[in-house]
Amino acid sequence: MQGIVSPILLLWMLVYPRLSYATWFEDNQGIMGTNIHVELWSDSAQQGENAIQAVMDEMQRINQLMSPYIESSELSQLNSRGSDTAVPVSKELFELIALSVEIAKETDGAFDITFASVGYLYNYREHQKPEPQQIDNLLKAINYRHIKFDINDHSIYFAHPNVKIDLGGIAKGHAVDHAIDILKTLGIKHALVTAGGDTKLLGDRLGKPWMVGIRDPRNKDKQAVVLPLADTALSTSGDYERYFEQDGKRFHHILSPKTGTSVYEVQSVSIIGQRSTLNDALSTAVFVLGVQKGMDLLNRTPGYDGIIVDNQRKLHYSNALVK
Ligand code: ADP
Ligand code: MG
């Protein structure tokens, strides 16, 4: 009798604690000027809570490093001194800026972090924008070629007096990649991390795909497209994230580096690919490039696909998505 009961009891003892704790953990926090959303599956309350905390801590760390609004951030320090002297920065910031310059080259300057030389004069919340004269004066400072790198001491120098950089088009994607890497090292197998428009998925949603929506650019309660995804990432850039309207015109946060003003050919761009950092930058780049040049770029970039909602609300898909 005992010989039969004990193995069953043993099995029950092994399985029961798992059944009782295995569950979804979820949290939302406002960090990096946006909503950070984390969902993950864990079979222990301790592991689940630790994992959520680790993601939020990482978001805070990256914000402290890269925020243009925090005076002590490395990015702010570089912006305030980089035109006078070569400023040593952390390897992480150095590499992200170097990657941004690579992407600028690949996108014919559509993605250019020196857009901020003019971009810093916009304040969407306060409905402020630069005068045409101010834009004219600063436009020459927008050029990624002004950014000079010294790999030996990881220092950066701006070869023009008015250069400012901003990583708003790539830092959230970078943060989401980091967050998922951290979750992997903590033993998590199923998770979703979103920072504003940037989402990355670890595994699936327990045997089902994650359903990730691309919102209707003109109605936040409606989805334009819903995609079943697993083990990949998706970023959306839209003209609705930060903007104000004046004289019937929408002044939004994605700027043409050529003109220093908002671009109007499309309403949103979503990019699907493995690396959130690249999705983030590419969504901004394709937004600036518009439908034709944007799709050309995606169709020659292996592993990265896109969906554009143009200014007539028409959907466009890159080749690999319709094959
Ligand atoms: P968000 O997730 O905040 O909507 P996006 O990925 O859509 O971010 O990128 C928009 C942000 O990118 C802007 O808020 C600004 O910080 C930055 N940005 C705007 N225009 C450009 C550009 N031409 N090149 C690089 N970054 C840009
Ligand atoms: Mg982006």
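Numbering of residues begins at 1 and proceeds along the displayed sequence. From a predicted model like this one, the values you see are computed outputs, not experimental measurements.
Under a 3.5 Å cut-off, the side chain of Q267 and the backbone N or O of R313 do not form any donor-acceptor pair. Put simply, the side chain of K148 gets close to the backbone of R145: a donor and an acceptor are under 3.5 Å apart. Between the side chain of E241 and the main chain of G238, no donor-acceptor pair closer than 3.5 Å is present. The closest donor-acceptor contact from the side chain of T34 to the backbone of A195 lies at 3.5 Å or more, if one exists at all. In this structure, T301 contributes its side chain and Y304 its backbone to no donor-acceptor pair below 3.5 Å. The main-chain N or O of G273 is found under 3.5 Å from a side-chain atom of N279 such that the two form a donor-acceptor pair. A donor-acceptor pair under 3.5 Å is absent between the side-chain atoms of Y243 and the main chain of Y124, judged by distance alone. Listed for the H160 side chain is no donor-acceptor partner under 3.5 Å among the backbone atoms of I147. Formation of a donor-acceptor pair under 3.5 Å by the S73 side chain with backbone atoms of S67 is found in this model. H146 contributes a side-chain N or O that, together with a main-chain N or O of K140, makes up a donor-acceptor pair within less than 3.5 Å.
In the model, H316 has a side-chain atom that pairs as donor or acceptor with a side-chain atom of D310 under 3.5 Å. T114 and S117 form no side-chain donor-acceptor contact under 3.5 Å, judged by distance and modelled atom types alone. With 3.5 Å as the limit, one finds no donor-acceptor pair spanning the side chains of D177 and S276.
Counted within 6.0 Å of CD on Q47, heavy atoms from surrounding residues, nucleotides or ligands total more than 12; the atom is thus considered enclosed. The environment of CD in Q246 is crowded: more than 12 heavy-atom neighbours from other residues, nucleotides or ligands sit within 6.0 Å. In the displayed structure, E71 atom CD is contacted under 6.0 Å by at most 12 heavy atoms of other residues, nucleotides or ligands. At most 12 heavy atoms of other shown residues, nucleotides or ligands fall within 6.0 angstrom of atom CG in D108.
When every heavy atom of T194 is checked against every heavy atom of G196, the shortest pair comes out as CG2-O, 3.2 Å. S318 and L298 get closest at one heavy-atom pair: CB-CB, 4.2 Å. Annotation for N299 and N319: closest pair OD1-N, 2.9 Å, computed over non-hydrogen atoms. Between V291 and I308, the closest heavy-atom pair is CA-CD1, 3.9 Å. Across every non-hydrogen atom of S83 and N162, the tightest pair is OG-N, 4.4 Å.
When side chains are defined from C-beta on, D239 does not count as touching S262, because their heavy atoms never get closer than 4.5 Å. Within the 4.5 Å cutoff, the side chain of W24 has heavy atoms near those of the H190 side chain. Between V263 and F287 there is a side-chain heavy-atom pair separated by less than 4.5 Å. Residues W210 and E39 have side chains in contact (heavy-atom distance under 4.5 Å, counting atoms from C-beta outward). You'll find the side chain of H252 reaches within 4.5 Å of the side chain of Y264, heavy atoms only. Taking the side chain as every heavy atom from C-beta outward, I165 and I156 never approach each other to under 4.5 Å.
A salt bridge does not link D231 to K189: none of the charged nitrogens lies less than 4.0 Å from a carboxylate oxygen. Salt-bridge formation is detected for the pair R61/E92: a Lys NZ or Arg NE/NH1/NH2 atom is positioned less than 4.0 Å from an Asp or Glu carboxylate oxygen.
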>> Run the side chain to side chain contact (heavy atoms under 4.5 Å, CB included) test on R300 and L297 for me, step by step, so that the C-alpha distance in whole Å, both residues' side-chain angles and the decisive distance to 0.1 Å come before the verdict.
In response: CA-CA 5 Å; R300 65 170 190 265; L297 169 66; 3.6 Å; yes
>> Under the criterion side chain to side chain contact (heavy atoms under 4.5 Å, CB included), I'd like the reasoning laid out for T284 against I170: C-alpha separation, chi angles, the key distance, then a yes or no.
In response: CA-CA 9 Å; T284 308; I170 193 166; over 6 Å; no
>> Could you go through V193 and H37, starting from their C-alpha distance and side-chain angles, then the distance that decides it, and tell me whether this counts as side chain to side chain contact (heavy atoms under 4.5 Å, CB included)?
In response: CA-CA 6 Å; V193 177; H37 173 70; over 6 Å; no
> What do the steps show when you test Y122 against T261 for side chain to side chain contact (heavy atoms under 4.5 Å, CB included), and what is the final call?
Replying inline: CA-CA 10 Å; Y122 288 85; T261 57; 3.9 Å; yes
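The aromatic rings of H178 and H174 are tilted relative to each other, their planes meeting at an angle between 30° and 60°.
Aromatic pair F251/F244: ring centres closer than 6.0 Å. The aromatic ring centroids of F94 and F149 lie less than 6.0 Å from each other.
With sequence neighbours left out, the ring pair (Phe, Tyr, Trp, His ring centres under 6.0 Å) criterion links Y240 to no other residue.
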